Amino acid sequence: MISVRDEMEMDKMDPAEEPPSLLWGLDPVFSAFAKLYVKDILEMAESRQVPGIYFYNLHPIFNVDVLGTVVSKRERNDFFCYGVDDGTGVINCLCWKMTCSRSKRSLLDLKLSSERLNTTAAELEKLKQIQYNHCHLDIGELLRVRGAVKTSRQQREITASTYYKVNDPMMAVQIEWMMEVPELYRQCYDKPFEVQPDASGEPAVSALSKAANIIKEFLIQKSVVRFRPYDVLDLLEPLVPRQPRTESADQKPMAGPSACQQLRQLQKEALKVLQDDGVVYCKFKTQDEVYHVTVQDKDLIIAIKDIIREDSKKEKYAEKGCHLLHILSAVRQRYSLSVSKEALELVLQSLECSSDIVSTCDNYYMMF
């Protein structure tokens with residue numbers, strides 16, 4: 001039986017397939033309200049790097065634009081919850097009343113504060129009625145919603161930043177929508193985003209793998225045991241292009257993150273890659289991050305050897321030895337919660353190569 005937690009984990013993006021967050025801003029879909037079918041919104045995988053970001057065909061998405069028929073309605077003091085059906089599925093849309101109230105007050109204040117407009121009580125009532133009609137919908141009416149995708153109580157929903165009723169007696173808006181959205185899928189959403197090569201002809205995504213390899217080679221060559229992020233920051237400077245200086249005061253600096261910001265972001269992503277691979281880990285989660293090199297951490301190696309030596313003597317593990325997951329659980333209890341499975345596998349491989357331990361069968365280990 002699959003638990004709710006397992007279902008949520010299944011909806012997460014595979015870390016191996018998820019593009020690094022450093023490159024998300026290069027995808028134009030990331031900055032737009034994606035006009036996706038409700039079925040695809042419900043099935044999108046959530047990012048493991050940044051909760052609240054979802055992926056459709058490797059396009060990072062957090063804002064969507066939906067047009068559909070209201071098939072259910074719940075009203076609370078502060079918001080409406082409309083069930084919107086676009087023909088492919090139904091999704092709940094959380095529409096806050098305060099948005100309407102603010103708009104109403106701003107329009108009314110504009111009318112009342114302007115001395116040039118001769119506002120009558122009848123015109124104010126008409127204005128209120130128009131605003132009410134646009135924000136209060138009944139079942140069967142057409143609603144357009146733009147907002148962020150959220151997962152609440154294990155259900156996907158849209159938190160509206162803008163919503164309004166669409167008056168479409170001739171179905172002109174719906175026909176235009178039905179022609180536009182499939183074209184967007186063909187031209188954009190169904191095509192995986194490809195990073196354009198840089199001036200050297202190499203893909204920009206390779207900068208991240210280069211950064212991770214540079215740090216990894218440095219740690220091996222120098223036999224580094226532990227380090228802080230700023231110790232390896234200078235190594236990555238050649239990978240970040242410097243912004244050209246402006247020749248005159250009239251020229252404005254180029255928009256976007258500075259070279260220093262790009263360098264720190266690249267360093268952060270590279271260290272995360274090394275953590276995911278188990279090459280490094282943080283023994284303690286503190287504000288002053290200290291990274292330990294896994295295969296150079298003698299205390300970790302001793303702790304793993306002691307666990308295998310002691311537990312292999314128990315009757316339960318005497319025949320086959322200790323399983324990988326048992327060793328991992330024991331290491332996290334006795335040494336550090338931050339030790340990952342990948343880090344443990346690297347240490348076990350190193351100990352097996354040095355003949356300190358032996359693998360009796362798949363993922364089972366015991367002392368010689």
Side-chain angles (χ1 to χ4, degrees), residues 2-72 79-96 99 143-163 177-178 180-195 204-205 208 257 265 268-269 272-273 275-276:
I2 300 177
S3 65
V4 173
R5 183 175 182 179
D6 292 336
E7 290 180 356
M8 293 178 66
E9 287 298 318
M10 290 170 63
D11 290 337
K12 296 282 187 178
M13 188 76 174
D14 186 349
E17 298 179 358
E18 183 175 337
S21 59
L22 181 68
L23 305 177
W24 291 353
L26 300 177
D27 191 339
V29 178
F30 182 65
S31 304
F33 285 88
K35 294 183 178 179
L36 295 173
Y37 295 124
V38 169
K39 177 179 179 293
D40 293 328
I41 296 174
L42 296 174
E43 294 177 353
M44 288 191 303
E46 187 174 8
S47 168
R48 287 183 180 270
Q49 299 179 55
V50 184
I53 302 296
Y54 301 84
F55 287 95
Y56 176 80
N57 203 11
L58 296 184
H59 291 287
I61 290 169
F62 68 100
N63 281 325
V64 294
D65 191 344
V66 171
L67 177 72
T69 304
V70 176
V71 295
S72 65
F79 63 88
F80 291 100
C81 184
Y82 295 114
V84 178
D85 185 354
D86 73 340
T88 66
V90 180
I91 190 169
N92 288 330
C93 300
L94 193 66
C95 303
W96 293 97
T99 304
L143 174 66
R144 183 169 181 180
V145 178
R146 304 181 78 184
V149 182
K150 302 288 184 182
T151 301
S152 177
R153 298 179 182 177
Q154 293 80 52
Q155 289 189 345
R156 199 68 53 83
E157 64 180 27
I158 300 173
T159 301
S161 57
T162 304
Y163 72 98
W177 185 275
M178 292 167 64
E180 179 185 9
V181 174
E183 186 66 19
L184 286 172
Y185 270 85
R186 284 192 294 269
Q187 297 296 331
C188 185
Y189 305 145
D190 285 339
K191 292 183 178 180
F193 176 65
E194 297 179 356
V195 180
V205 69
L208 180 59
Q265 183 64 24
K268 181 180 178 182
E269 295 289 344
K272 184 180 185 306
V273 170
Q275 276 189 295
D276 293 340

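For clarity, every value in this text was computed on a predicted model and none was experimentally measured.
- For the pair Val84 and Gly68, the tightest heavy-atom approach, listed with the atom from each and the gap, is CG1-CA, 3.5 Å.
- Closest of all the heavy-atom pairs between Val70 and Ser72 is CG1-O, 3.4 Å.
- Annotation for Ala160 and Cys95: closest pair CB-SG, 4.0 Å, computed over non-hydrogen atoms.
- Within the 4.5 Å cutoff, the side chain of Tyr54 has no heavy atoms near those of the Ser47 side chain.
- The OG1 atom of Thr88 sits 8.0 Å away from the CD1 atom of Ile41 when rounded to the nearest 0.5 Å.
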(message) Run Lys272 and Asp276 through side chain to side chain contact (heavy atoms under 4.5 Å, CB included) and show every step you take.
(response) CA-CA 6 Å; Lys272 184 180 185 306; Asp276 293 340; 3.1 Å; yes

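- At least one side-chain heavy atom of Arg144 sits under 4.5 Å from a side-chain heavy atom of Asp65.
- Relative ring orientation between Trp24 and Phe30 is described as tilted, the plane-to-plane angle lying within the 30° to 60° band.
- In this structure, Phe80 and Tyr82 have parallel ring planes: the angle between them is below the 30° cut-off, well short of the 60° mark.
- When side chains are defined from C-beta on, Ile91 counts as touching Ile158, because their heavy atoms get closer than 4.5 Å.
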(request) With side chain to side chain contact (heavy atoms under 4.5 Å, CB included) as the test, would you mind laying out the steps for Val149 and Arg156 before giving the verdict? (result) CA-CA 7 Å; Val149 182; Arg156 199 68 53 83; 3.4 Å; yes

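- In this structure, the salt bridge (charged side-chain N to carboxylate O under 4.0 Å, His left out) partners of Lys39, at least two apart in sequence or on a different chain, are Glu43.
- One finds the CG atom of Asn63 at 10.0 Å from the OG1 atom of Thr159 (value rounded to the nearest 0.5 Å).
- Between Leu58 and Pro60, the closest heavy-atom pair is O-CD, 3.5 Å.
- Between the side chains of Tyr185 and Asp40, a donor-acceptor pair is found at a separation under 3.5 Å.
- Arg153 CZ to Asn92 CG: the interatomic distance, rounded to the nearest 0.5 Å, is 11.0 Å.
- Distance check: Arg146 CZ to Tyr163 OH gives 15.5 Å after rounding to the nearest 0.5 Å.
- Side-chain contact between Ile61 and Val29 is present, with heavy atoms from C-beta onward closer than 4.5 Å.
- With rounding to the nearest 0.5 angstrom, the SG atom of Cys188 is 10.0 Å from the CG atom of Asn57.
- For Gln155, the CD atom sits in a loose shell: 12 or fewer heavy atoms of surrounding residues, nucleotides or ligands are nearer than 6.0 Å.
- Under a 4.0 Å N-O distance rule, the pair Arg186/Asp190 does not qualify as a salt bridge.
- In this structure a side-chain-to-backbone donor-acceptor pair under 3.5 Å is present from Glu46 to Gly52.
- With a 6.0 Å radius and a threshold of 12 heavy atoms from other residues, nucleotides or ligands, Lys150 has its NZ atom at or below the threshold.
- Note: Tyr37 and Tyr56 fail the aromatic proximity criterion, with ring centroids not under 6.0 Å apart.
- Considering CG of Asp86 and OG1 of Thr69, their distance stands at 9.0 Å, rounded to 0.5 Å.
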